[in-house]
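Residue numbering restarts at 1 for every chain, and letters A, B, ... go by the order of the sequence lines. Computation of the quantities below employed the complete heavy-atom set of this structure, encompassing side-chain atoms and omitting hydrogens, waters and symmetry-equivalent molecules.
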There are 2 protein chains.
Amino acid sequence: MKIKDVAKKAGVHASVVSRVLNHDATLKIKKETRERILATVKELGYVPNHAARNLKKNETKMIGMIIPDFSNPVYSSIIHGAETMAAQEGYTLLVYSKKHIAKNNSYFSHLVDGKIDGLLIATLELDGQDLKELAELDKPFILVNRSIEGFNNYVVLDDEHAGYIAADHLIELGHTNIAHITGPFETGTGLKRYNGFKNRLDNANITIKPEYIRKGTYSLLSGYEEMNQLLTLPEPPTAVFTANILISLGAMRAAQEKGFVIPDDISIIGIHDVAFAPVLNPALTTINMPLYEMGEAAVQKIIENIQAKRPNSEVKGLMIKGGELILRESTSAHKPK
Amino acid sequence: MKIKDVAKKAGVHASVVSRVLNHDATLKIKKETRERILATVKELGYVPNHAARNLKKNETKMIGMIIPDFSNPVYSSIIHGAETMAAQEGYTLLVYSKKHIAKNNSYFSHLVDGKIDGLLIATLELDGQDLKELAELDKPFILVNRSIEGFNNYVVLDDEHAGYIAADHLIELGHTNIAHITGPFETGTGLKRYNGFKNRLDNANITIKPEYIRKGTYSLLSGYEEMNQLLTLPEPPTAVFTANILISLGAMRAAQEKGFVIPDDISIIGIHDVAFAPVLNPALTTINMPLYEMGEAAVQKIIENIQAKRPNSEVKGLMIKGGELILRESTSAHKPK
DNA sequence: TTGTATGCGTTATCAC
DNA sequence: GTGATAACGCATACAA
């Protein structure tokens, strides 16, 4: 089934069919011809061949997206938003995890060989060298949930605000011995959440004990280990802000293994309101972040850049506002002994 | 950067470059010519244009995969296995969720327009009509973790075995009042897990109370609701087999809200050993299933079918053996009152 | 062993 | 308004 078959059946030349399919009503085609062609297309179930169209137009209507790991629930929201927006705009999202890519010769082969029109980078692990290589390709890319010195083509969330309101919640509950298991500071999100946290504590004139700030790695294990460290301190904190959902899970587990009751002995507040947060025991108090919206925005932005042929260096950074407290059971008022 | 540029620089004709890149050493090319060409390719960083190659060869080296939802942790393992195997075989995996597809005209447009060479279907929600439409396309597809009357092109797990050993574990612990929140029976997995469960109970001469069998839908909510039903029975069960991880989470939450202590008051065993199972409170006893291996096998199988041009009707079904008890804290010996 | 010619299916440009 | 034609970049059959 190709365009010639449609043309023959509709009694016109293939190029006419192509025009009807590629241009809107402003193009001068006799109304009845257009209708006959469209009817024939529908009848035969004709769909333009993707490869041929790509070759001719030098665009694929595909957008790539690199994530670290499909099993991280945070990324499912971003992917979902991105996928939905892509579909809405007539694009297809091609998601691959870091692990996959590493097997190929180049991280960016899809971009080089014309498989995709642009790339969303939502992984933390590309180093400066990789990004430099990427920038030299002169193809649109957007950093998602990540910002790096020297690049303004990013979409991020208001992580500083998130850290701020997490700390605010704990302070309002009367806590003063407040700890924070952070994300890695190189990631931007980790540093900004910490800064927001620190700002709120400073505003309340609460001195942050250095031993209460534990640098984590956004992993289950790191949450577990750092929480263990905190709970073996001479004076353990009464509240902990955990910088992402995996840290939260690891931290909860560590506390419970040590016999600490959440929230009676220790309050925990996390970031990212994933689907299972409400069914944890206890249900986790979190800051809900607009991950879905960030996915949508990233796709919207890259499509815009693709279509406007805007060089990456001229793209402006975008911060999606939002983040709100979802109060559940893992935090409660401080009870002085 | 195209093949002609390489050819010119290497002092040969483009067709020679093409041959060097597309055929192995059996093809007669002067050794030094081949080496010079390969060196030039490397030097210039030449990568063949994907669209042009597709158009010519009528294959894309891409495999599509439909999943219901990126947020379901079960699918991350399958995807990961599939993606890894695909990369290893020189293919790219294009994953899209059901939601995305529904926005397009056709469920299978990617298959029709030649974007992908074959399709893995790991979603439950395609009805008979969809599958019939798909079958008529005469393109390779494989049902993953799902079997349907009339189709033998599937890869599944040994779900009956999983149900059997889950029940076995509970029986060995001395339970007799054993309930089961099932998956939907239309899915194959749900029915087979139930059958395995039932077989083991039959073997032990345990009569299954009809009210102990609750039909669920593989969702958090359904686990929650059905568990609530079970716990309000005049004689609640002392052990429950929950048919997937989402049901497990919902069920645990329902039990805890009602003041039941897991496992002292009620034991819970689930299926699928996802990353956070060990950090739940209590840590969930599960049956670990070879999801990753199923993803690998599905890709391997579809590539084989693509390359052998084997019609779907001649493909044989495949069951991946495996499934083992991961003993944690959510199950314990029955304590008679 | 290498070069030449052709066509994959589509769309853009030009002619009518 | 519509038809003819060339070109996108590559791989292959055939010629040399």
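- Of all nucleotides listed (C/dT11, C/dC8, C/dT2), C/dT11 comes nearest to the side chain of A/Arg53.
- The interatomic distance linking A/Ile37 (CD1) with D/dG3 (C1') rounds to 12 Å, in whole Å.
- Atom CG in A/Asp113 sits roughly 12 Å away from atom C1' in D/dG9 (whole-Å rounding).
- Using cut-offs of 30° and 60° for the angle between ring planes, the A/Phe70 and B/Phe70 rings count as parallel.
- Of the possible donor and acceptor atoms, none in the side chain of B/Asn145 sits under 3.5 Å from a partner among the backbone N and O of B/Val156.
- For the residue pair A/Ser97 / A/Asp69, no side-chain donor-acceptor distance below 3.5 Å is found, with atom types taken as modelled.
- Atom NE2 of A/His13 is separated from atom C1' of D/dG3 by 5 Å (rounded to the nearest Å).
- Here the C1' atom of nucleotide C/dG9 and the NZ atom of A/Lys8 are 15 Å apart, to the nearest Å.
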Using atom names, set out every protein N or O paired with an N or O of nucleotides 12-16 of chain D below 3.5 Å, distance rounded to 0.1 Å.
unit_1 : atom_1 : unit_2  : atom_2 : d
D/dT12 : OP2    : B/His23 : NE2    : 3.4

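- For the pair B/Leu55 CG and D/dA7 P, the interatomic distance rounds to 17 Å; values are reported in whole Å.
- As rounded to whole Å, 13 Å separates atom C1' of C/dG3 from atom CD1 of B/Ile3.
- The phosphate of C/dG9 (OP1 or OP2) has a side-chain N or O of A/Lys2 nearer than 4.0 angstrom.
- Distance, B/Arg34 CZ to C/dT1 P: 10 Å, rounded to whole Å.
- Spacing between atom CG of A/Leu21 and atom C1' of C/dT11 amounts to 11 Å, rounded to whole angstrom units.
- In summary, the side chains of B/Ser18 and B/Asn22 do present a donor paired with an acceptor at a separation below 3.5 Å, with no hydrogens or angles considered.
- Residues B/Arg19 and B/Ser15 bring a donor and an acceptor atom of their side chains to less than 3.5 Å of each other.
- Judged by distance alone, with hydrogens and angles left aside, the side-chain atoms of B/Asn153 form a donor-acceptor pair with the main-chain N or O of B/Phe141 at under 3.5 Å.
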